[in-house]
Amino acid sequence: METAVIVKVAVSAAPYSIDKPYDYWVPEPFSDSALLGVRVTVPFGRGNRTSEGIILARAIGIKRKTLKPISSLLDREPVLDQDGIALAIWMRQRYFCTLFEAVKTILPAGLWYRLREVWRLKNPELDRLSADRMSSSIPRAFPILDILYAAGGSADAETLRAACGEQTDAVLRALQKAEVVVCETAAKRKIGDKSRRMAELSMSAEEALALVEPRRRSAPQRYEVVRLLAAAGRTSAADICYFTGASMRTLRGLEKAGILTFSEEELLRLPIQRQVGPAPPIVLNPEQQAAFDTLTALLSSGQPEAALLHGVTGSGKTLVYLRLVQEVLRKGRTAIVLVPEIVLTPQMMRKFSAYLGETVAMLHSSLRMGERYDQWKRIRRGEIRVVLGTRSAIFAPLKNLGVVILDEEQESSYQSENPPRYHAREIAKFLCARNQALLVLGSATPAVETAYGAESGAYREVLLRQRYNARSLPRVTVADLRQDIRNGRAGMIGEILQAELIENLERGEQSILLLNRRGSSRMLLCGECGHVPECPRCSVPLTYHSANGRLMCHYCGHSERAPESCPACGGRMKQIGAGTQKVEEELHELLPGVGVLRMDADTVSNGHEMILNRFEQEHVPILLGTQMVAKGLDFEDVTLVGVLSADISLYMDHYRAAERTFNLLTQVVGRAGRGSRPGRAVIQTYTPDNEVIQSAARQDYKSFYQSELRMRRMRRYPPFADLFTFTVSGPEEGNVLRAAIGVREALRQICRLPELAADEPEVLGPAPAPVLKVNNRYRYRILLIGRNNRQTREQVSWLLKRFAGDRANRGTNLFVDCNPLE
DNA sequence: AGCACGCCGACT
DNA sequence: GTCGGCGTGCTC
């Protein structure tokens with residue numbers, strides 16, 4: 001029997017329902033380089049389509065008849081080590097994704113190849129007449145041959161598809177069978193350099209307008225695009241689409257018609273801040289020293305238990321992190337430090353590089369793909385020993401990991417928003433266990449689950465109670481907005497807050513106002529019939545953007561020009577919604593001539609940091625913004641913080657609503673009085689007696705935690721149970737609902753299994769998702785309240801596979817999330 | 001999912 | 001007789 005090197009491969013073409021390691025044999029020339037963690041291309045499926053894959057295991061074995069060979073190697077050296085492969089396998093069973101999806105998440109995007117199918121004539125000498133004769137029985141073969149011959153004998157599949165439409169693939173396969181053409185797959189690196197596509201007119205503005213003007217009615221978008229380009233000159237394609245509502249398709253059409261030309265523009269490299277100032281030696285106060293001692297003791301134990309560093313705002317957790325990382329480096333090991341937001345990385349980076357110098361690397365999502373990839377290579381080569389970054393930095397390929405630190409561990413940004421929706425804390429736990437490394441979760445307001453873990457002994461709790469320089473907490477006033485209503489004040493700013501703002505203005509001190517809601521959504525409403533324009537593809541009202549005068553959908557990206565009169569009755573349209581713009585107007589009315597800086601999703605695109613710099617340097621009296629103003633920003637002169645309405649996030653339909661509100665309020669209140677002067681905070685609310693608001697006002701984590709934990713125990717929420725959210729989606733509401741009911745019934749069956757029944761699992765639903773329709777797909781949810789253990793996950797996995805395999809569910813899709821944060 | 005194979009009805 | 005519809009089953 002013939003033997004060969006046999007490898008197990010995670011294949012990208014395998015969907016979840018059939019995902020497993022597939023065996024391939026390795027042809028002799030590859031056998032030395034086809035190592036574990038090397039990416040490959042392989043034939044897959046009946047049609048032997050070329051698919052990407054990665055080698056998970058390797059052995060010498062019998063070359064069975066049914067095995068197919070590896071087609072090519074994509075790497076000279078492995079891109080994943082044994083730990084990385086183990087992590088991918090773990091992620092598959094934890095997040096219900098395929099092995100390959102897990103690998104893709106672990107590796108940096110800059111590393112990925114684009115598989116390009118190139119079709120060419122099998123015999124380059126073949127003349128057109130013979131080719132036509134050979135393919136005479138294949139319908140629609142002529143246009144494809146036309147292009148192939150015009151392009152000199154070969155063309156890539158994308159070009160062919162663009163020119164020949166729907167059935168290109170089928171025709172190509174038929175031509176392949178007739179031995180007219182062959183297909184080759186070329187792996188092309190997605191080049192790391194991020195550039196953006198720019199467009200400009202390829203003729204004078206007058207000429208271009210003259211060309212599109214006659215068809216202004218039938219092709220309004222073309223006309224709009226040309227008008228914009230005529231006025232603005234060279235513009236990025238993304239901006240053109242934003243301001244005109246045209247799609248990329250329209251732009252390409254204009255390119256084809258010779259009216260505009262595309263070009264690429266390099267995005268400027270962010271200058272890396274390396275102002276390594278003289279770093280004074282770190283002096284810890286007794287409490288910090290005690291915390292440090294406890295953590296180092298844990299570090300030296302063989303298999304350290306994880307620690308919760310619970311320190312009030314301003315207790316100097318960062319100094320403890322720094323000392324700990326120094327200690328880890330001294331032992332010849334490496335460290336990962338995670339922060340929740342990109343905005344916070346430069347601040348933290350400055351501190352870290354001051355103490356640790358060149359061994360620190362920053363890794364976060366706003367790095368350009370190429371930079372990210374370069375950093376990744378430096379880390380792999382061992383040049384970097386400390387990685388600081390946001391969520392995805394947890395996948396940094398450090399060797400000999402000693403510690404992972406998650407700062408502000410309760411933040412929801414640690415959970416990925418797209419599948420696999422991993423949580424950096426869970427990945428960190430896995431990595432730490434495997435490397436005998438220490439996991440440190442730092443927070444002033446830990447997640448309820450984490451605090452419960454500390455209470456029940458799963459984490460070692462280390463406390464920091466003292467505020468830095470013994471500063472006192474801000475004086476907090478809870479202002480009852482109902483009182484203002486009784487007094488005839490209908491605005492967003494009540495009497496108490498106004499008085500405090502005036503006081504601050506007189507003293508020449510700065511204030512921060514928080515509007516507790518996401519984004520800045522304003523809608524249009526007809527003043528006469530009440531009609532609200534909705535998204536044609538989603539079940540949400542469209543949001544009005546004043547920057548471009550358009551109505552846009554945040555879910556699917558639909559965009560249309562805002563109507564001047566009501567499409568239903570012709571009445572006048574009004575803007576409604578309490579966005580930051582509205583509050584800004586109110587502020588101008590109440591405090592004429594006072595400078596206000598606004599920071600929200602609308603303004604943030606043109607520079608988060610710029611706004612903050614202006615606030616600090618130009619000493620603008622008031623900064624008004626959404627949640628982002630609450631996060632870790634320190635300004636010397638801010639002595640007043642106002643929360644416009646504390647209630648909004650309390651009544652969201654989510655089990656973490658109270659926790660989120662408490663965290664936000666505590667954080668934002670902590671922004672006041674960071675300098676030498678004492679701070680004040682005003683929390684406006686319609687429910688001043690609410691326990692969450694009261695405990696946030698007192699900065700009393702313990703009492704919030706205890707009442708929240710009682711509630712969660714009663715309602716069987718995490719940490720007392722795990723919530724699996726099943727979402728069924730599809731284009732037809734009836735089918736979706738039917739499929740969802742099927743899922744519920746299957747889950748109820750599963751729950752009766754003896755191995756699960758002991759935990760008393762419960763199944764609820766189906767209920768329509770909070771936004772029922774997104775992108776013309778209806779979504780229904782089923783909730784399973786149970787335990788996230790191996791048995792449950794196996795059952796869930798089985799259900800997912802069965803759902804995908806059932807033909808009755810065609811067109812619908814099912815996915816699962818466990819304990820989603822959002 | 002994506003593809004081939006196979007088994008039936010409407011055409012040259 | 002053959003083209004193409006869709007139902008069925010497999011993916012190393």
Side-chain angles (χ1 to χ4, degrees), chain A residues 1-27 30-31 34 36 38-73 85 88-89 92 96-104 115 117 119 135-142 157-158 160-161 165-178 181 183 185 419-420 728-731 735 739 777 797 799-816:
Chain A
M1 210 98 67
E2 203 183 344
T3 62
V5 175
I6 309 291
V7 286
K8 293 204 180 292
V9 178
V11 179
S12 74
Y16 184 74
S17 51
I18 61 161
D19 183 49
K20 62 174 177 186
Y22 285 89
D23 288 350
Y24 286 87
W25 67 273
V26 180
F30 299 152
S31 57
L36 205 115
V38 165
R39 289 171 302 162
V40 294
T41 59
V42 292
F44 189 75
R46 292 223 200 201
N48 285 329
R49 283 180 318 123
T50 305
S51 169
E52 266 176 278
I54 187 161
I55 299 176
L56 302 171
R58 171 192 159 103
I60 308 285
I62 296 155
K63 198 166 114 188
R64 277 165 282 145
K65 274 269 165 26
T66 51
L67 286 190
K68 293 178 186 176
I70 297 270
S71 313
S72 71
L73 301 181
I85 290 169
I89 292 169
R92 172 170 70 157
F96 310 106
C97 63
T98 67
L99 284 163
F100 199 80
E101 283 162 347
V103 169
K104 262 203 126 127
L115 286 191
E117 278 176 37
W119 293 84
S135 41
S136 58
S137 65
I138 303 165
R140 285 181 285 265
F142 286 8
E158 258 171 73
L160 291 166
R161 253 174 242 139
E166 294 266 309
Q167 304 194 334
T168 311
D169 286 39
V171 180
L172 283 170
R173 268 191 302 280
L175 283 169
Q176 187 177 28
K177 223 171 185 175
V181 299
C183 176
T185 21
V728 181
S729 69
N735 284 341
R777 290 180 75 85
S797 172
L799 177 69
L800 285 170
K801 287 176 185 166
R802 214 196 53 164
F803 184 94
D806 188 344
R807 290 193 200 288
N809 296 327
R810 249 183 314 182
T812 62
N813 188 9
L814 170 66
F815 74 87
V816 191

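Every chain is numbered from 1, with letters handed out A, B, ... down the list of sequences.
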Looking only at non-hydrogen atoms, find the nearest pair between A:Val9 and A:Leu56 and report the distance.
C-CD1, 4.3 Å
Of all the choices, B:dA1, B:dC3, C:dC12, which nucleotide is nearest to the side chain of A:Leu67 once you look at every atom?
C:dC12
Could you check whether A:Ile18 gets within reach of a base, just the sugar-phosphate, or nothing at all, counting any heavy atom under 4.0 Å?
base
Do A:Thr812 and A:Phe803 touch side chain to side chain, with heavy atoms closer than 4.5 Å?
yes
Testing the basics here: between A:Ser31 and A:Val5, what is the closest heavy-atom pair and its distance to 0.1 Å?
CB-CG2, 3.9 Å
For A:Asp23 and A:Arg810, take the nucleotide of DNA chain C holding the closest heavy atom to each; which residue's nucleotide lies nearer the 5' end?
A:Arg810
Roughly how many Å is it from NZ in A:Lys20 to P in C:dT11, rounded to a whole number?
7 Å
Whole-Å distance, A:Asp19 CG to C:dC12 P, equals 13 Å
Which of these nucleotides, B:dC5, C:dT8, C:dC12, is closest to any side-chain atom of A:Arg46?
B:dC5
Can you tell me the distance, in whole Å, between the CZ atom of A:Phe803 and the C1' atom of B:dA1?
14 Å
Can you tell whether the side chains of A:Asp23 and A:Arg64 come within less than 4.0 Å, N to carboxylate O?
yes
Could you give the CG-to-C1' distance, from A:Asn48 to B:dA4, as a whole number of Å?
11 Å
Which whole-number value in Å describes the distance from A:Arg64 CZ to C:dC12 C1'?
7 Å
Given atom CZ of A:Arg807 and atom P of B:dG2, what is their separation to the nearest angstrom?
14 Å
Among the nucleotides B:dC3, B:dA1, C:dC12, whichever has the atom closest to the side chain of A:Tyr22 is C:dC12
Tell me the interatomic distance from A:Ile55, atom CD1, to C:dC12, atom P, rounded to whole angstroms.
16 Å
Does OP1 or OP2 of C:dT11 have a side-chain N or O of A:Arg49 closer than 4.0 Å?
no
So which atom in A:Pro15 and which in A:Thr98 form the shortest heavy-atom distance, rounded to 0.1 Å?
C-CG2, 3.8 Å
Grab the CZ-C1' distance between A:Arg173 and C:dG4 for me, whole Å please.
15 Å
